[in-house]
Amino acid sequence: MPSTNIATIASLAAHEGQTVTLRGWLYNLRASGKLLFPIFRDGTGTIQGIVPKAAVPEAVFDTLKNLTLESSLTVTGKVRADSRAPSGFELDVEDVHILQRVPDETPFPITLKEHGVDFLMEHRHLWLRTPRQSAILRVRATIMRAAAEYFDTNGFIRTDPPILTPNACEGTSELFEMDYFDDDKAYLTQSGQLYIEATALALGKVYSFGPTFRAEKSKTRRHLTEFWMIEPEVAFLELDGLLNLAEGFITHIVTTVLQHHRADLKVIGRDIPKLEAVIGISPEPATEPGAPSSPAHLQAKVGGSTAEPNRFPRLSYDEAHAMLEDAYSRGLIENPHKYGDDFGSPDETYISSQFAKPVMIHRYPAAIKAFYMQPDPADPTKALCVDVLAPEGYGEIIGGSQRVDSYDLLKSRIEEHSLPLAAFQWYLDLRKYGSVPHSGFGMGIERAVAWICGLDHVRETIPFARTLNRIYP
RNA sequence: UCCUGAGUAGCUCAAUGGCAGAGCAUUCGGCUGUUAACCGAAGGGUUGUAGGUUCGAGUCCUACCUCAGGAGCCA
């Protein structure tokens with residue numbers, strides 16, 4: 001290999017007029033007689049090469065002319081600006097070296113045409129190479145980074161709870177069970193919340209970020225059996241402060257994605273103005289594609305400062321119920337909502353569709369919520385809890401609450417729910433040794449990615465989705 | 001677990017109970033500006049499985065399998 005200027009496709013604008021070497025794969029190939037148009041990809045983007053037969057050695061032309069899609073290669077050529085190219089640049093190919101040629105008899109299965117869900121999931125390991133899937137994974141990475149960054153820069157300590165646990169955290173959802181050496185059973189965690197309550201009372205402000213497992217037989221566009229969750233837990237924080245925290249957290253994530261991923265969102269087909277509305281950017285004359293994000297109003301506050309806070313609508317359970325009653329009376333939803341019941345998916349879809357921003361619903365009936373939620377002093381039949389519903393019908397992305405801080409109340413709640421007291425003794429200890437008010441929430445990363453990218457199914461938001469009917473590849 | 005729908009070429013899909021089809025992909029040929037390129041040709045089938053009705057079943061009936069969407073439950 002000649003000592004050349006190794007470059008990535010994403011950085012080609014900085015190499016205009018230079019001869020560079022790219023390392024990647026053949027994404028597509030068109031030919032027009034003695035002129036070839038190979039499209040190369042390298043993980044950072046795609047670029048079209050131009051190969052006139054008269055301008056390159058015969059071996060280079062012949063190699064490319066018959067090359068199979070997704071063969072790996074290095075290609076050397078000169079970067080040239082061209083108004084016809086989608087990215088603004090093309091590569092005048094000078095030389096090419098094949099690393100591995102895809103065999104003729106087994107062509108790359110993912111074509112540029114449409115495919116069905118089952119076929120694509122069966123070939124997920126190859127589907128990931130397509131521009132849309134790569135763009136989604138880039139946005140996912142930024143969402144995960146921005147989420148952690150929000151806590152890291154606001155005084156939180158990351159304390160990850162165990163993945164193997166001795167019992168159910170809430171005792172409701174079904175768990176994946178496994179043998180733990182000789183006589184014990186272990187379960188894959190379905191939430192680290194109880195454990196980070198302990199670390200919060202040690203360190204003040206903490207969060208955890210890791211995989212979570214639910215063995216529910218849910219078969220919908222919103223469910224995975226293995227998903228990632230980020231959970232903050234804060235000592236001395238009460239419900240109102242928790243709502244502010246969730247608001248600032250989501251605002252920071254959306255702001256960061258809009259700052260760094262306009263091109264990816266466009267590839268994915270996201271309605272960007274709807275996402276801008278979440279952080280308070282009113283619809284404006286559209287900027288040209290590729291133009292840098294307007295800095296002034298994108299520099300939204302992180303953790304609250306002088307900037308005007310970005311307020312999300314807040315509804316009590318009672319207010320949300322009234323909204324559903326009104327909707328039912330006007331024929332906007334099919335079934336009436338029964339007061340006291342949790343909201344069903346159609347209910348959540350209706351409520352969230354009434355707002356351009358995520359809507360925070362708080363103070364649900366305690367009877368339908370988890371045992372560890374603090375009752376509302378103003379009405380003990382209600383729990384100091386919140387669900388955040390993403391806009392556009394994406395449903396719940398965050399669930400959280402203030403936690404019970406009284407030893408006696410928590411103990412009686414555990415008993416009422418028929419949970420094994422012995423297994424929760426350590427959790428009760430937290431209320432015995434210096435109990436304080438504390439609150440936290442959990443956000444499912446995949447649901448957040450699905451919403452922010454505007455996807456219709458969470459299976460595209462994670463490299464290898466685990467669902468009820470699929471554990472391959 | 002329940003409800004609904006779908007399984008036909010490698011892929012996406014057609015086919016009134018009457019000869020198994022198209023586009024893309026693959027192979028071959030043509031084309032010097034193509035953008036899911038285009039034009040011509042060729043190869044490619046146990047119609048999810050097992051039974052049944054019928055002169056005749058991809059099509060109708062029964063059971064099962066697989067997948068998808070929704071409900072419940074949840075993030």
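The figures that follow rest on heavy atoms only: side chains count, while hydrogens, waters and symmetry mates do not. Per chain, numbering begins at 1; letters A, B, ... match sequence-line order.
Looking at A/I462 and A/W228, their side chains come closer than 4.5 Å, going by heavy atoms from C-beta outward. Using a 4.5 Å heavy-atom cutoff, the side chains of A/R330 and A/D326 are in contact. Looking at heavy atoms from C-beta onward, A/F343 lies out of side-chain contact with A/Y350 at the 4.5 angstrom threshold. A heavy-atom distance below 4.5 Å is not found between the side chains of A/E334 and A/P346. The shortest distance between side-chain heavy atoms of A/Y372 and A/S401 falls below 4.5 Å. Contact annotation: the side chain of A/F371 approaches that of A/L419 to within less than 4.5 Å [non-hydrogen atoms, C-beta and beyond]. In this structure, the side chains of A/M229 and A/M443 stay at 4.5 Å or more apart for every pair of heavy atoms.
The separation of B/U1 from B/U8, taken at their C1' atoms, amounts to 32 Å, rounded to a whole angstrom. For the P atoms, the distance from B/A57 to B/C67 is 30 Å, rounded to whole Å. The same atom, P, is picked in B/U59 and in B/A6; the two are 14 Å apart, to the nearest Å. Of the P atoms belonging to B/C65 and B/U49, the separation is 15 Å, rounded to the nearest Å. Across the P atoms, B/C13 and B/A50 are found 24 Å apart, a figure rounded to whole Å. Separation of the C1' atoms belonging to B/G45 and B/G7 is 15 Å when rounded to the nearest angstrom. Taking the C1' atoms as reference points, B/C24 lies 12 Å from B/A9, given to the whole Å. To the nearest whole angstrom, the two C1' atoms, one in B/U53 and one in B/C11, are 35 Å apart.
Projected onto RNA chain B by closest heavy-atom contact, A/F343 and A/T467 fall at different nucleotides, the more 5' of which corresponds to A/T467.
Atom CG of A/D347 and atom P of B/C73 are 11 Å apart (whole Å). Whole-Å rounding puts the A/L26 CG to B/U34 P distance at 19 Å. Atom CZ of A/F119 and atom P of B/U66 are 21 Å apart (whole Å). For the pair A/R84 CZ and B/G33 P, the computed distance is 9 Å after rounding to whole Å. Between the CD atom of A/E216 and the P atom of B/C2 there is a distance of 18 Å, given to the nearest Å. To the nearest angstrom, P of B/G72 lies 17 Å from CG of A/L468. Between the P atom of B/U34 and the CG atom of A/N28 lies a distance of 15 Å, rounded to the nearest Å. Atom-to-atom, CZ of A/F37 to C1' of B/A36 comes out at 16 Å; the value is rounded to the nearest Å.
The residue A/A448 sits apart from the nucleic acid: no heavy atom pair falls under 4.0 Å. In this structure, A/R80 reaches the bases: a heavy-atom distance under 4.0 Å links it to at least one base atom across the strands shown. Among the heavy atoms of the strands lying under 4.0 Å from A/K219 is at least one base atom, whether or not backbone atoms are also near. Contact annotation for A/E446: no contact, since no heavy-atom pair falls under 4.0 Å across all strands. Among the atoms of the strands shown, none is found under 4.0 Å from any heavy atom of A/G395. Residue A/I398 is classed as a sugar-phosphate contact, given heavy-atom separations below 4.0 Å to backbone atoms only. In this structure, A/R222 reaches the bases: a heavy-atom distance under 4.0 Å links it to at least one base atom across the strands shown. Counting non-hydrogen atoms under 4.0 angstrom, A/I50 reaches a base of the nucleic acid.
Contact of A/H223 with B/C74 (side chain to base): a donor-acceptor pair of N or O atoms is detected under 3.5 Å. If you check distances only, the side chain of A/R447 does reach the base of B/C74 with a donor-acceptor pair under 3.5 Å. With hydrogens and angles ignored, a donor-acceptor pair under 3.5 angstrom links the side chain of A/S218 to the base of B/C73.
Applying the 4.0 Å criterion to OP1 and OP2 of B/G69, one finds that A/R459 has a side-chain N or O inside that range. Phosphate contact (OP1/OP2 of B/G69, side-chain N/O of A/H457, threshold under 4.0 Å): present.
Between A/E122 and A/R470 there is a salt bridge, since at least one side-chain N of the basic residue sits less than 4.0 Å from a carboxylate O of the acidic one.
Cation-pi geometry between A/K369 and A/Y364 is met: under 6.0 angstrom from the ring centre, within 45 degrees of the axis.
With distances taken from any side-chain atom of A/S345 to the nucleotides B/C73, B/G69, B/C67, the minimum falls on B/C73. Nearest nucleotide to the side chain of A/E90, out of B/U32, B/A71, B/G33: B/G33. Of the candidates B/G33, B/U12, B/G70, B/G70 carries the atom nearest the A/R221 side chain, counting heavy atoms from C-beta on. Of the candidates B/A75, B/C67, B/G33, B/G33 carries the atom nearest the A/D82 side chain, counting heavy atoms from C-beta on.
Both distances falling under 3.5 Å, in either a Watson-Crick or a G-U wobble arrangement, place B/G7 opposite B/C65. Shown here, B/A15 forms no base pair; nothing in the strands shown gives a Watson-Crick or G-U wobble contact with both key distances under 3.5 Å. Using the Watson-Crick or G-U wobble rule with both distances under 3.5 Å, B/U46 pairs with nothing in any strand shown. As the counterpart of B/C38, B/G30 is assigned, both hydrogen-bonding distances of the Watson-Crick or G-U wobble pattern falling under 3.5 Å. B/U59 makes up no base pair with any nucleotide shown, lacking Watson-Crick or G-U wobble contacts both under 3.5 Å. Remark: B/G72 base-pairs with no nucleotide in the shown strands. Criterion, Watson-Crick or G-U wobble with two distances under 3.5 Å.
Contacts of residues 323-342 of chain A with RNA chain B (heavy atom under 4.0 Å): A/D342.
Around CD of A/E114, the count of heavy atoms belonging to other residues, nucleotides or ligands within 6.0 Å does not exceed 12.
Separation of the A/F441 and A/F249 ring centroids falls under the 6.0 Å cut-off.
Side-chain atoms of A/T8 and A/R23 form no donor-acceptor pair, as typed in the model, at a separation below 3.5 Å.
Using a 30° and 60° split on the angle between ring planes, A/Y427 and A/F424 fall in the perpendicular class, above 60°.
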Got a list of protein N/O to nucleotides 22-27 of chain B N/O distances below 3.5 Å?
| unit_1 | atom_1 | unit_2 | atom_2 | d |
| --- | --- | --- | --- | --- |
| B/U27 | OP1 | A/D104 | OD1 | 3.1 |

